[in-house]
Amino acid sequence: MKVLNFGSLNVDYVYQVDHIMLPGETQSSTQRNVFAGGKGLNQSVALAKAGLPTYHAGQVGNDADGEMLLQVLKRNGVHCSLVNRIDGPCGHTFIQVDKDAQNCILLFGGANRCIDAVYRKEVFSHFSAGDVIVLQNEINDLDQVIDEAYEKGMMIVLNPSPFDAYLDRCDWNKIDVFFINEVEGAQISGKETAEDILAWFREHHPKALVVLTLGGAGSCCMKDGQVYRQEVIPVTAVDTTAAGDTFTGFFMRAYLGGQTIPEALALAARASSVTVSRPGAAESIPAMAEL
Ligand code: RIB
């Protein structure tokens, strides 16, 4: 079994601010750092650090930024031979992190949104039934990627983030595992509480396994209609970026390794508590040995 993560790679420009900007406001930041990120890259790093054989597919620019992103994947044990380099800018973000470690993210797709059918065909030629694909909503033609993975007979894991209208084009009945946070859960279902969000999934996608992260309120998972809960592990939060990506990688490691849902939730909670205690995205994700 191989894990293919077909997803974004971004350069994250992270600004420390007193508070998240208001419309029309100008504010001085107190610090700026540049990190490797992108939900795709972060999840690949988490999957690989958790111990899964992880192959990243996606696109970067043919420049120093692209090289930096590739090096981060390689350094963390992700197979990178499928990553495509194109003429054009890498994806990047502007991230504000406030004094309570909350963030907000402005995304520029760049190379992540220039993926074509020829490249997709080449990527999928390396995978077969029983392999796993992990997806987020930061690349173009996500609906096609889902359809092609389904035709291959792969297990499909979707983190529908960021949530936007494009996701309506995707056939969610083909998804085996969803990872969503409380904000996305509310946007998707129109419901507010975790119970109601899970009830919506139970009604609309009864066969899917659903993992719902709830920030400081912990997380829960619904499998075959049964709901399991996990409390957060208290730490001093510095930067919550990539907490959800870490959760995805470590939960999948435990789940694919045959551990129980409570064990998978507990491992993922421990891993993401370490991530929020350190600055940055991919580089803040712990190694399995640290846990
Ligand atoms: O999930 C965190 C990631 O979202 C950041 O690294 C940023 O690049 C955005 O894609």
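Nothing here was measured: the structure is a model prediction, and the numbers come from that model. Whatever order the structure lists ligands and atoms in, that order sets their numbers, starting from 1. Position 1 is the first residue of the sequence, and the numbers go up from there.
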Problem - Per atom 1 (O) of ligand 1, closest listed option by heavy atom (D245, T240, V14) - result: D245

Completion exercise
closest protein heavy atom to atom 3 (C) of ligand 1 is N42 ND2, 3.6 Å

Problem - Heavy-atom neighbours of E195 CD exceed 12 at 6.0 Å - result: yes

Exercise for the section: Indicate, with yes or no, if L70 and V34 share a hydrophobic cluster defined by side-chain heavy-atom contacts under 4.5 Å among Ile, Leu, Val, Met, Phe, Trp and Tyr. Expected result: yes

Fill in the blank from the handout: E138 heavy atoms within 4.0 Å reach ligand 1 at atoms 4 (O), 9 (C), 10 (O)

Problem - Ligand-side contact atoms (ligand 1) for residue partner N10, heavy atom cut-off under 4.0 Å - result: 8 (O), 10 (O)

Completion exercise
Quick note on ligand 1: atoms under 4.0 Å from a heavy atom of A281 include exactly 6 (O)

Exercise for the section: Identify whether the distance between the nearest side-chain nitrogen and carboxylate oxygen of K99 and D18 falls below 4.0 Å. Expected result: yes

Problem - cation_pi(K223, Y228) dist<6.0 Å, angle<=45 - result: no

Handout entry: atom 8 (O) of ligand 1: nearest protein contact (heavy atom, Å)
Key = D12 OD1, 2.6 Å

Completion exercise
Here the atoms of ligand 1 under 4.0 Å from any heavy atom belonging to G37 are 6 (O), 8 (O)

Practice task
Decide if atom NZ of K2 counts as having more than 12 heavy atoms of other residues, nucleotides or ligands within a radius under 6.0 Å.
Solution key: yes

Practice task
Could you tell me whether the side chain of E283 reaches within less than 4.5 Å of the side chain of N76, counting heavy atoms only?
Solution key: yes

Handout entry: 4.0 Å heavy-atom contact, G38 with ligand 1
Key = yes

Exercise for the section: Check whether any N or O atom of S8, backbone or side chain, sits under 3.5 Å from an N or O atom of ligand 1, and answer yes or no. Expected result: no

Completion exercise
For T93, the ligand 1 atoms with a heavy-atom partner under 4.0 Å come out as 7 (C), 8 (O)

Practice task
State whether the shortest distance between N or O atoms of T241 and N or O atoms of ligand 1 falls below 3.5 angstrom.
Solution key: no

Problem - Identified side chain to side chain donor-acceptor pair (under 3.5 Å) counterpart of Q136 within the set N159, N5, D245 - result: N5

